[in-house]
Amino acid sequence: MEKEFFFDKKKNDPISRVDSRAKVTGRATYAAEHKMQNTVYGFLVGSTIAKGRIKSIDTNSAQKAPGVLAVLTHLNAPKLLGYETGKDPSKPPTAGQPLRIFYNNEIVYYDQPIALVIADTYERVLHAAKLVKAEYEKSEHQTDLHANKGKAKKPSGPRAEDYNRGEIDGYKNAAVKIEQQYYHPVEVHNPMELGSIIAHWEGKDKVTVYTKTQGVEATKKSIGDAFRLAAENITVNAEHIGGAFGMGLRTWPYEIAAIMGAQKVGRPLKLVLHREQMFTNVGYRPVTVQKIGMGATPEGKLVGITHEATANTSSYEEFTEATVNITQFMYACPNLTTRYRLVPLNVCTPIWMRGPGEATGSFALESAMDELAYQLKLDPIEFRLRNHADKDPEKNLPWSSKYLKECYQMGAEKIGWQARKLEPRAIADGDWLVGYGMGTGSFGAMRWVATVKGRLEADGKLLLQCSVNDMGPGTATMMTAVAAEVMGIVPANIKIQMGSTKLPPGPMQGGSNVTSTVGSAVHDVCIALKEQMAALLGKEGSPFHRGNGQPIKVEDLTFSEGIVSLKNSDSVKVAYSDLLKQHKLPALEITKESKGGQQPYSMYSFSVHFVKLRVHQPTGRIKIDHVVSCADAGTIISPKTAASQMIGGAVGGIGMALMEDLVVDHRFGRPINNNLADYHVPVNADIPQVDVLFVNKKDPYLNPMGSKGLGEIALVGMAPAIANAVFNATGKRIRELPITPDKLI
Ligand code: MOS
């Protein structure tokens with residue numbers, strides 16, 4: 001392992017989460033917790049049919065109920081300028097909100113909002129919402145992917161194009177091959193924090209919102225587009241987010257409704273979704289059927305892979321994800337074909353969820369790799385090593401860094417892989433069968449654009465500001481760790497302000513980009529502050545002045561404990577506060593934009609997940625004994641929060657593999673288990689020892705810290721590792737998630 005670059009030097013210990021005290025004491029404020037005078041409460045009434053029209057809607061009793069201020073429906077809601085379609089009525093509305101809330105009487109999915117009731121207390125609004133009555137003219141809905149596979153069509157856009165290298169469906173000519181179909185159902189994000197917003201207007205054209213979003217800038221743009229407001233008149237705040245897993249990656253109609261409602265009553269309006277509405281109105285992982293054809297030589301060299309996926313979208317919008325893309329670069333394979341299709345259904349539009357398409361795609365790909373390895377009588381790790389891609393076979397570029405082989409090795413050792421038997425059902429422990437499995441994960445290593453403002457006060461305290469927010473992984477901690485390292489100050493002297501569009505613009509928190517993007521900006525700002533210091537020091541009259549016209553270089557300058565000194569020189573030192581005084585400055589300050597450039601490298605993070613589990617033969621119950629997750633995510637900046645994130649990914653993967661399944665009653669087009677009692681997610685008792693290992697080697701190209709992304713690879717490859725371990729234990733290959741006991745007996 002290389003030296004860990006980022007840690008609290010004072011304690012010689014990894015940095016701890018900087019906002020943990022605020023979170024455990026309740027001082028961290030989430031969207032719905034902001035206090036505003038005169039706040040009113042909104043509640044959405046949803047459609048009880050999945051497709052058709054509202055024939056009539058009776059809001060009279062609701063209007064007359066105690067405390068009710070207004071009821072908004074398609075009959076009286078303001079017509080948002082952004083809802084217009086422009087010149088071409090067949091095109092989506094200009095605001096990018098294809099589901100135009102309260103726009104007309106059309107119903108396109110079950111629980112689509114048909115009314116917003118507004119009252120002075122939460123209890124009164126809940127009561128009044130029950131009094132809204134609608135009559136519908138139903139038409140035939142479609143919510144079943146299987147029944148509608150014939151309607152599958154190619155999505156538009158380059159990302160979902162059919163892909164081919166070598167011979168089309170070249171796997172068919174291989175000596176050893178498999179052809180299988182894999183399936184996973186709809187899964188729902190279900191973060192602890194419900195979808196929540198407080199909206200408040202000042203006058204007619206100035207709005208402030210506190211909302212649950214993974215990107216305040218993106219939400220600001222959506223609000224501007226829908227309401228046609230100038231950017232400077234919109235403030236979006238979202239400092240703390242109670243989990244999101246992808247559901248906060250867009251602005252949903254409920255947020256638009258709340259802003260409309262606040263405008264209508266001229267008071268701050270708070271709208272918190274009910275848990276049931278979290279299952280129907282804010283996206284989910286789409287149901288996907290995948291087919292894999294995979295062939296190899298008898299020596300275990302891949303000849304070809306064909307990977308096809310058919311997923312659902314909504315009837316009003318195309319949502320695509322990178323389900324088949326992972327197969328294009330994961331292994332050295334000469335003949336590669338992928339196809340991706342969509343089936344529109346009468347449901348809310350899906351959205352990225354936890355490792356999105358790569359998690360879905362890796363379930364099929366890594367299960368198929370395990371199946372073919374077994375047919376070849378090869379250890380699954382050995383099979384992967386024989387087909388290791390030394391360079392990116394899709395882009396035909398070298399990797400910026402790739403330590404996947406190290407992950408295989410570290411993880412195999414930790415889980416005790418040598419105890420695994422090639423033949424299934426070979427290890428028994430009383431009534432239990434024991435098995436080992438593994439799966440590989442990967443996700444693009446991104447770097448987007450961020451602007452950070454840094455201000456270094458005379459007392460040595462550093463303030464960093466960026467609008468980026470944190471849905472949990474520890475963004476502020478990462479920013480603190482980078483600044484502590486680059487600036488040479490202790491974490492306790494660093495203050496982070498984030499999560500508001502009043503601050504310099506940062507990226508969305510998604511796609512595992514934030515550490516790379518915002519960390520780089522923090523790095524650059526700290527270097528720029530040091531450059532300012534160097535410039536002051538180099539001026540005539542300074543004890544550092546060299547008199548030879550040579551500027552002082554940042555690399556030669558050390559800033560520690562408020563003292564500026566030159567490296568390798570004990571004699572030249574000055575207190576930072578004296579330096580400022582000398583130049584009559586209150587502080588040093590800079591705002592800087594930072595972004596990555598095009599590079600001739602292919603950039604990905606990699607992970608390998610190992611699972612040891614046991615299956616109870618009489619009941620089919622699965623007990624996971626041990627999980628080992630290894631990541632190649634470049635330099636690990638904050639080991640504690642990084643390890644937490646990996647554990648979270650493992651938990652998500654266990655849910656995906658064993659429990660999560662939104663059951664839809666297709667007769668009515670609505671979910672049955674739309675609550676956390678019936679929609680199963682892992683609880684503490686389901687989670688075994690999870691060991692997290694990091695290769696922790698620098699990526700030389702992506703960003704100055706040498707880090708790569710971590711969020712998605714924590715989960716990508718986890719579900720197939722479990723499915724593969726179930727096969728190793730029982731000899732049963734389960735290709736339909738979730739792997740519930742009934743499938744094993
Ligand atoms: Mo993530 S699925 O980019 O929140």
Side-chain angles (χ1 to χ4, degrees), residues 31 159 184 186-195 211-219 222 238 240-252 278 282-288 311 313 319-323 325-326 348-363 441-450 468-475 478 498-499 506-519 603-605 607 631 633 641-642 644-646 648-653 655-656 660 662 681 707-719:
R159 203 168 85 127
H184 72 86
V186 166
E187 297 158 18
V188 186
H189 305 79
N190 269 318
M192 285 295 279
E193 182 196 24
L194 299 159
T211 190
K212 180 187 181 79
T213 174
Q214 288 169 244
V216 290
E217 304 292 345
T219 300
S222 295
H240 293 286
I241 304 296
F245 313 120
M247 68 143 282
L249 287 171
R250 74 175 297 176
T251 301
W252 294 105
M278 297 290 285
V282 288
Y284 51 88
R285 192 196 293 288
V287 55
T288 313
T313 186
F319 172 79
T320 61
E321 57 181 359
T323 311
N325 303 46
I326 194 167
C348 164
T349 306
I351 190 80
W352 297 283
M353 171 168 159
R354 304 186 203 141
E358 287 78 351
T360 306
S362 77
F363 167 60
S442 183
F443 198 83
M446 320 282 180
R447 179 176 167 189
W448 299 337
V449 191
V468 70
N469 61 4
D470 184 13
M471 62 171 155
T475 305
M478 173 281 294
M498 56 194 270
M508 272 272 191
Q509 193 172 62
S512 304
N513 93 94
V514 167
T515 293
S516 179
T517 306
V518 180
M603 299 181 173
Y604 287 91
S605 293
S607 61
T641 51
S644 291
Q645 185 155 22
M646 290 294 286
V651 174
M656 181 179 179
E660 296 191 53
L662 185 75
V681 294
S707 68
K708 298 192 279 189
L710 192 65
E712 332 284 332
I713 58 162
L715 186 135
V716 181
M718 188 66 206

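One-based numbering, in listed order, for ligands and for the atoms of each.
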Taking [X] for its side chain and [Y] for its backbone only, find out whether a donor-acceptor pair lies under 3.5 Å.
{"X": "E217", "Y": "M508", "value": "no"}
{"X": "E321", "Y": "W352", "value": "no"}
{"X": "Q645", "Y": "L710", "value": "no"}

Residue contacts for ligand 1, heavy atom to ligand atom, distance under 4.0 Å: Q214, F245, G246, L249, W352, M353, R354, P356, M471, G510, G511, E712
Option from M247, K212, H189 for which side-chain contact (heavy atoms from CB on, under 4.5 Å) with V282 holds: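 Answer after filtering M247, K212, H189: M247.
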N469, T475, D470 screened by side-chain contact (heavy atoms from CB on, under 4.5 Å) with I241, the one that passes: N469
Non-hydrogen atoms of G717 and S362 that approach each other most closely: N-OG, 3.1 Å
